[in-house]
Amino acid sequence: MEIPKIYESDKTESKWYDYWMKNGFFNSQPDEREAYTIVIPPPNVTGVLHMGHMLNNTIQDVLVRRARMLGKNACWVPGTDHASIATEAKVVNKLKAEGIDKKNLTRDEFLEHCWEWTHKHGGIILDQLKKLGASCDWNRTHFTMDEGYYKAVIQVFVDLFEKGMIYRGVRMVNWDPQAHTALSDEEVNYKEVNSKLYYVRYKIQDAEDEWVTIATTRPETILGDTAICINPTDERYKHLAGKNVIVPIANRIIPIITDEYVDPEFGTGCLKITPAHDPNDYEIGIKHNLDSIDIFNDNGTLNENGGEYQNKDRFDVRKKIAKDLEAQGYLIKTEDHINKIGFSERTDAVIEPKLSLQWFCKMEDLAKPALDNVMNDNIAFHPPKFKNSYKHWMENIKDWCVSRQLWWGHQIPAYFFGKGMNDYVVANSIVEALEKAKAITGNAKMTVHDLKQDEDVMDTWFSSWLWPIAVFGGFDKDNDGKEIDYYYPTNDLVTAPEIMFFWVARMIMAGYEYKGELPFKNVYYTGIVRDKLGRKMSKSLGNSPDPLSLIEKYGADGVRVGMLLSSPAGNDLPFDSAQCEQGRNFTNKIWNAFRLVKSWEVKDFEQPEYAKKGIEWFENQLNARLVEINSSYDQFRISEALMSTYKLVWDDFCSWYLEIAKPAYGQPIDSTTYQKTLELFEALLRIIHPFTPFIAEELWHLIKERPDKDCVIVAKWPEAKKVDETITKGFEIAEEVITNIRNIRKEKNIANKVEIDLRIKKNQNTDTSFDAIIQKIGNISSFEYIENKVDNAFSFIVKSNEFFIPFSEDIDVEAEIAKLKEELQYTKGFLKSVEGKLNNQKFMAGAPEQVVANEKRKQEDALNKIKVLEEKLGSYV
RNA sequence: GGGCGAUUAGCUCAGUUGGUUCAGAGCACCUGCCUUACAAGCAGGGGGUCGUAGGUUCGAAUCCUACAUCGCCCACCA
């Protein structure tokens, strides 16, 4: 069989992915096995795969694949999120490009465009995941607007409403004037902005040329002022309390009130109050019973209260009004000022605090169990440091504004039967609503046409917080519950810390509210994928490589390894394609190891001692690595599990084992060693499979012909047997001897193919069981233990034993002496420090027994070595 | 403004309750090799007073206190 020298990933990946799919290896049905469940964080339906997804989903796939091999019934549920505001924004833009204005469409027409867009783009990201090797149960693909899911969301809304946990009210909300919708606090990002502080004076009513000056960053809101506020303790202004002032330009009369809230140190110590456009002013307005004048339209232009500025944009008005104030002598001065301004997470528009009628969800009761069960580690965060910010958020949680003035999403199931604020019912369907409305109004003649459903939809997260329950039909009353009982609670959630509040916290709340139980046992937080300059990878910066071309270039396995090489949980991943290159090199290394093994000619003859010993060592070493690997996995230290796997393959197997086992050039290998090597290779393929599934499967089948269902993806994870420390230690000594031999070969320019002799003078009883390996690797023709030192030889010392390589030419005695002296000096220094400790009475009294014993052993070893070195030096004189 | 976390080799990170070979790994780097599985490779090697300053201790990367720098989260100062 001709095997190419380079592993060709593109030829194998789709082949095996199709094969796995065909055999249904990704699919899961409840059975008697233990379930292992992950629900995917559903990506936005209209998105494409980015590097963050790559990292996130690689981790999930690694966990799922290993769980499957551990004999669990692994179920990874994929799906997408309708992403209400993001998708709606995209569709609006797309229509705009086609010359269609959303305003001219009916709701149904617009939704049709949304669905079209969803169907066109929805599958892209899932297909990309397949290229990465994601072993999701695709039969279970869900979408947050699927019929059943939609029903569940409505049902939860109705339920919470009936429990009194959802209410409707006028509140100051974050208004996005571009998307024309309210946003939750979590959807607002605050950024520092250079702005100006305008000092504006207001004339005191009925006074001769008496003025009061306020400082504001938003002069346009003067048109909405309904009071001036001062601190009651402020001596400068005390006398003004109760008087009235005239609002410049608007020429309205407003009162001067006092409130502790005002900081006398800031600005002039006088604050203008605009209850309709500032959250604090709103509070003060309520407290002092002030009027509230809304001056903005929903799109950020001024409304009829804006007078001559009506229909102009808020930022234009700011400039214009500043000029006008100046011209009319109201503007005293302006100062540069840095303040924080809220921006919409989705549209990046400057948020306008705005009074509006919205739906809210009470959080206090929901938050309690969600906080407690994270703090007590019933739900474990990895890394645990995220518990801190989770706690802080949960303890200061505010009610959740769940309504959005959008069309794409789950429409709020409130049905209005009259014009009043409270003339509505909340119901699962319009039929149900009609019954309720009839009951309330006593109007038996009412029909569905008398009902008008609330136009708004719900926040996207109001659907995704139900994900771990809804994907298993947990809200469907007609469902037999077999699925939800079996798969819920899920095991691990892998997600980004950015959505800890948006999503993770709320899933936990929903879990306790609706299942009385946690939704997952572990939350693994990934970091942010950054470029070499430390910038977040994003489409707008154009610094993100295309995942699919990476896969094309390095292979999916190579990319997976590259992503995981240095990404401990919670740490950002500084991405460098060199890491994928390393990953690809790793797959190639395995490939070539396989080529070597397959190239051997096999014959029946007695197994050489070195091979026997090599197998004994490697089996032990494999167990040792397996213990490390399992422990790393159990602690969610995926990068460390990968590194141990990497070393097992590269260092232990390729660099040591294969070099030991391989026959001399042109010579055959004995069948025992050959069979054993294949067995060991299979064990390696199992262990690498979660990280590099494609090449593992390819080699699994190249090793031998197998029945259909015999695939590494469903093979058993190897069992870690007890590690024999004497083997580990013994081999370490052999390694040290071999390294010394290699060094001498290199220093003296003795090619590896030139055989040499080795003589050993034993001064200490050490493990000799790997002598055959030293002989093989060192290419030693004659290997003997002797009593006396050898003249004219290169020499070195390992564990007080002297090794000699006799050489016909004269050796450089001076150099040998210098080397010995140096080593002697070091050892003496070492001894001194050890004896310093042993002579310290406080150390002897305070240190534990074991530590003292160790120091004593170190002393003994050092004394021994000094003796050998001195004798050796003496022999040169 | 409040809180949290970090600072260990050029880079990315390990380092479990202070005490064995505790100063480590991978990559990068340097040297020598196209040796017959792999140059996407092999063999060997250099490199850090563990952010700074104090303190506790027989002993500190590890514990304590300040300070410095960076990052994250939260927050209504106009």
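The sequence lines fix the lettering, A, B, ..., with proteins before strands; numbering per chain opens at 1. The shown structure was predicted, so the numbers you read here are calculated from the model rather than taken from an experiment.
- Every residue two or more places apart in sequence or in another chain that forms a ring-ring contact (aromatic ring centres under 6.0 Å, His included) with His337(A) is listed here: Phe266(A).
- One atom, NE2 of His392(A), and another, C1' of rC72(B), lie 13 Å apart when rounded to the nearest Å.
- A salt bridge is absent between Glu860(A) and Arg857(A); no separation between the charged side-chain nitrogens and carboxylate oxygens falls under 4.0 Å.
- Between Glu755(A) atom CD and rU35(B) atom C1' the separation is 15 Å, expressed in whole Å.
- Per the geometry, CG belonging to Asn571(A) stands 13 Å off P belonging to rC72(B), to the nearest Å.
- Stacking of Lys191(A) on the aromatic ring of Phe343(A) is recorded, both the 6.0 Å distance cut-off and the 45° axial limit being met.
- Ring centroid separation for the pair Phe681(A) and Phe653(A) comes in under the 6.0 Å cut-off.
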For RNA chain B, please output the secondary structure as dot-bracket, reading 5' to 3'. Pairs are Watson-Crick or G-U wobble, both atom distances under 3.5 Å; mark crossing pairs with [ ], other-strand partners with |, unpaired with a dot. (((((((..((((.....[....)))).(((((.......))))).....(((((..]....))))))))))))....
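- With hydrogens and angles disregarded, a donor-acceptor distance shorter than 3.5 Å links the side chain of Asp557(A) to the backbone of Phe694(A).
- Relative orientation of the Trp656(A) and Phe731(A) rings is perpendicular, given thresholds of 30° and 60° on the angle between their planes.
- Comparing rC58(B), rA40(B), rA78(B) by their closest approach to the side chain of Asn585(A) singles out rA40(B).
- At a cut-off of 3.5 angstrom, the base of rA37(B) holds at least one donor-acceptor pair with the side chain of Glu659(A).
- The six-membered or imidazole ring of Phe381(A) lies away from that of Phe386(A), with a centre-to-centre distance of 6.0 Å or more.
- Computed from coordinates, the Asp185(A) CG to rC76(B) C1' distance equals 11 Å when rounded to whole Å.
- With hydrogens and angles left out, the side chain of Lys385(A) and the base of rC4(B) share no donor-acceptor pair within 3.5 Å.
- The stretch residues 743-752 of chain A touches RNA chain B through Asn743(A), Lys746(A), each having a heavy atom under 4.0 angstrom from the strand.
- Put simply, Lys662(A) has a side-chain N or O that comes within less than 4.0 Å of OP1 or OP2 on rA37(B).
- Picking from rG26(B), rC38(B), rA78(B) the nucleotide with the shortest atom distance to the side chain of Thr216(A) gives rA78(B).
- In Glu552(A), the CD atom is not crowded: 12 or fewer heavy atoms of neighbouring residues, nucleotides or ligands sit closer than 6.0 Å.
- Judged by distance alone, with hydrogens and angles left aside, Asn388(A) brings no side-chain donor or acceptor close enough to the base of rC4(B) to form a pair under 3.5 Å.
- The CD-C1' distance, from Glu335(A) to rA78(B), rounds to 13 Å in whole Å.
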